Structures are given as C-alpha cells and as structure tokens.
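Worksheet: the structure to be examined is printed underneath.
Only a predicted model underlies this, so the values are computations on that prediction, with no experimental measurement involved. Along the sequence shown, residues are numbered consecutively beginning with 1.
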Amino acid sequence: MKLLLDSTSSLLFSLLLAQLPVFSYGSVLPHRRPSDLDKLSNQTRNLMKLTQELLKEHAFDSDVESHRFRSLPEMSNRSANDLSNLELKPTLSQLHADLKLYEHHFEWLNRVSKKHQHPAVPKLVEMIKEMKSLINLLHRQMQKIEAPKLTNPTPSLPPHLPYHFDVLQSSHELLQHFKLFCDWAYRAFLSLKPKASAVQ
C-alpha cells in the first residue's frame, strides 16, 4: 500500500513539473503595445460613447430643425464602401481639420449652454476635453508621417441663443452630426492601420 502511495505521489509530482514550463512560458508572453492608430480608434470610440450618452438624456429629446449648421463637415459623401480606398496622409489631414471644426462648434455650444444653465454642461465639457485630446494625438501622428495640416475657415456662429429651446435644437443637431462623424472616423482609423504600420 505504501509503495502504491509513493508511486502515485511521484506521478503527480512529475505531472506538475511537466506543467511548469507551460506556466512559465505563458507568464512571460509580452503584451502587444497598441499602435498609434489603435489609440486613435479607441479614443474616437470613447468620444462616440460620450456623444450617445448626451443624446440619450431627456434634455435632448426634441424634434430638430435640420441644417441649422451649414459649416459642419459634409458626411453624405462618405461611404463605408470607400474605407478600403482611403489614403493615409490625406485622410488623417482631413479628419484633423474636421475635428477642429467640431471643436469650434462644441466650444460655442458650451458657452451658450452655460448662459442658459443647461444641465448637460459638465458632460459637454468632458466631451470637449476628450476631443482636444484626440486632436492632439492625431496631430502627433500626422507629424510622424509628415501629413500636411489643413485649415478650414472659422465659421461665424451667433454670440448667444435667445431661447432655451434653441439650445436644445442646436445641441441635438450637433451631437447627431458628430455621432455620424465619429462612427465613420472610427472605421477609417481601423482601415488605415495596416497602411500606417507600413510607413513606420
């Protein structure tokens, strides 16, 4: 009986020893560092989530008068079918210029919302902060690959909105438009990832 126990113990010990290299190997596997395009796509996804949260709030549940902002980037000519044909430098340059335009509009919205003491102001401030972070990250990526920086003419926006309902409508339209942009930009960054890896 003692011999049987000793044999069983030796067998279990041998099996454990055999597993050690597997455990050791698994523990030292390096984590893949996210690429710059991964960071850009992740931050864009975070922005899209913030936008969706703002849209879900009851304060923005209103019918929106379309085309209040004709200075926003044109989205109707951007199709998911075109993503595979995107070129790296021109696309990053255009996305940067578009984001700067949205930044201008949302900073304006933040100012007029504060005057009406809008309850969504804190989340709007957080969204603008995330947007600025994405713009800076994108600009660094453009510098790495020597992509040109485009400049849009600064649109003229009214210094204030007279009624609270105007703030609601403006908010809703800007957020809806920006949600479409973020969705397309997220897909664009993912599509451009192999091209960015090839030039770095």
Side-chain angles (χ1 to χ4, degrees), residues 29-56 64 66-110 123-157 170-200:
L29 278 177
H31 292 289
R32 184 181 66 84
R33 289 182 61 189
S35 68
D36 291 329
L37 268 292
D38 284 329
K39 294 175 185 175
L40 286 167
S41 58
N42 289 339
Q43 199 144 349
T44 304
R45 186 172 55 189
N46 291 340
L47 255 179
M48 185 159 52
K49 184 181 175 184
L50 272 174
T51 306
Q52 288 168 337
E53 287 173 1
L54 278 164
L55 279 167
K56 283 178 184 176
V64 178
S66 299
H67 309 302
R68 293 166 68 91
F69 300 97
R70 299 186 183 278
S71 49
L72 291 172
E74 181 58 55
M75 294 302 301
S76 61
N77 58 358
R78 304 188 195 191
S79 166
N81 298 327
D82 300 330
L83 290 171
S84 58
N85 299 322
L86 293 177
E87 295 180 29
L88 182 62
K89 291 184 182 182
T91 305
L92 294 188
S93 297
Q94 187 59 57
L95 287 172
H96 182 269
D98 291 344
L99 279 165
K100 291 294 290 181
L101 204 51
Y102 281 113
E103 179 189 31
H104 177 76
H105 282 81
F106 278 107
E107 285 183 333
W108 166 82
L109 179 62
N110 185 42
K123 194 167 284 187
L124 193 58
V125 170
E126 181 186 354
M127 181 181 165
I128 293 170
K129 183 180 176 182
E130 285 289 316
M131 195 182 304
K132 288 179 182 292
S133 178
L134 177 59
I135 290 170
N136 291 334
L137 185 61
L138 180 52
H139 185 241
R140 288 197 296 272
Q141 176 64 16
M142 289 166 59
Q143 289 177 319
K144 281 186 182 179
I145 62 170
E146 298 180 347
K149 188 176 178 181
L150 307 179
T151 53
N152 289 319
T154 303
S156 176
L157 297 169
S170 297
S171 303
H172 204 105
E173 183 175 351
L174 282 175
L175 288 164
Q176 287 283 13
H177 202 284
F178 189 60
K179 186 179 76 168
L180 288 176
F181 171 81
C182 285
D183 182 64
W184 192 88
Y186 173 72
R187 295 167 189 265
F189 286 137
L190 291 179
S191 177
L192 291 169
K193 185 178 171 182
K195 297 176 183 179
S197 301
V199 300
Q200 289 178 353

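- What you find for Pro155 and His105 is that their closest heavy atoms are CG-CE1, 3.6 Å.
- Applying the salt bridge (Lys or Arg N to Asp or Glu O under 4.0 Å) test to Glu107 and every residue at least two apart in sequence or in another chain returns Lys132.
- Not counting sequence neighbours, the partners of Lys100 by the salt bridge (Lys or Arg N to Asp or Glu O under 4.0 Å) test are Glu103.
- Here the closest non-hydrogen pair linking Lys195 and Ser84 is NZ-O, 3.5 Å.
- For the side chain to side chain contact (heavy atoms under 4.5 Å, CB included) criterion with Thr51, the lone passing option out of Met127, Met131, Glu130 is Met127.
- Contact check for Leu40 versus Leu134: side-chain heavy atoms found under the 4.5 Å cut-off.
- Between Ser79 and Trp184, the closest heavy-atom pair is O-NE1, 3.7 Å.
- Here the CG atom belonging to Asp36 is positioned 12.5 Å from the CG atom belonging to Leu192, to the nearest 0.5 angstrom.
- Among all heavy-atom pairs drawn from Met142 and Leu92, the shortest one is SD-O, 3.8 Å.
- Side-chain contact between Gln94 and Pro73 is absent, with no heavy-atom pair separated by less than 4.5 Å.
- Taking OG from Ser171 and CD from Glu173, the interatomic distance works out to 10.5 Å, rounded to the nearest 0.5 Å.
- Going from atom CZ of Phe181 over to atom OH of Tyr186 covers 15.0 Å, rounded to the nearest 0.5 Å.
- Scanning for salt bridge (Lys or Arg N to Asp or Glu O under 4.0 Å) contacts around Arg187 gives Asp183, with sequence neighbours left out.
- Inter-residue side-chain proximity for Asn42 and Lys39 is flagged as unmet; no heavy-atom pair is nearer than 4.5 Å.
- Of all the heavy atoms in Cys182 and Leu47, the pair that sits closest is SG-CB, 4.2 Å.
- Listed by first then second residue, pairs satisfying side chain to side chain donor-acceptor pair (under 3.5 Å) with a partner in residues 145-156 number zero, not counting sequence neighbours.
- Between Ala188 and Leu95, the closest heavy-atom pair is CB-CD1, 4.4 Å.
- Classification of the Trp108-Phe69 ring pair by plane angle, with boundaries at 30° and 60°, yields perpendicular.
- Applying the salt bridge (Lys or Arg N to Asp or Glu O under 4.0 Å) rule to Lys49 yields no partners; only residues at least two apart in sequence or on another chain are considered.
- Atom CD of Gln52 is surrounded by more than 12 heavy atoms from other residues, nucleotides or ligands within 6.0 Å.
- Annotation: the span from Asn136 atom CG to His139 atom NE2 amounts to 8.5 Å, rounded to 0.5 Å.
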Q | Trace of the side-chain contact (heavy atoms from CB on, under 4.5 Å) decision for Leu180 with Arg78 | A | CA-CA 10 Å; Leu180 288 176; Arg78 304 188 195 191; over 6 Å; no
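- To the nearest 0.5 Å, the span separating CD on Glu53 from NZ on Lys123 amounts to 4.5 Å.
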Q: Please assess Leu137 against Arg140 for the test side-chain contact (heavy atoms from CB on, under 4.5 Å), listing each intermediate value before the final yes or no.
A: CA-CA 5 Å; Leu137 185 61; Arg140 288 197 296 272; 3.4 Å; yes
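- Distance check: Ile145 CD1 to Ser93 OG gives 7.0 Å after rounding to the nearest 0.5 Å.
- Residues satisfying the side chain to side chain donor-acceptor pair (under 3.5 Å) criterion with Gln43, sequence neighbours excluded, are Ser133.
- Ring planes of Phe106 and Phe178: perpendicular class, angle over 60° (limits at 30 and 60°).
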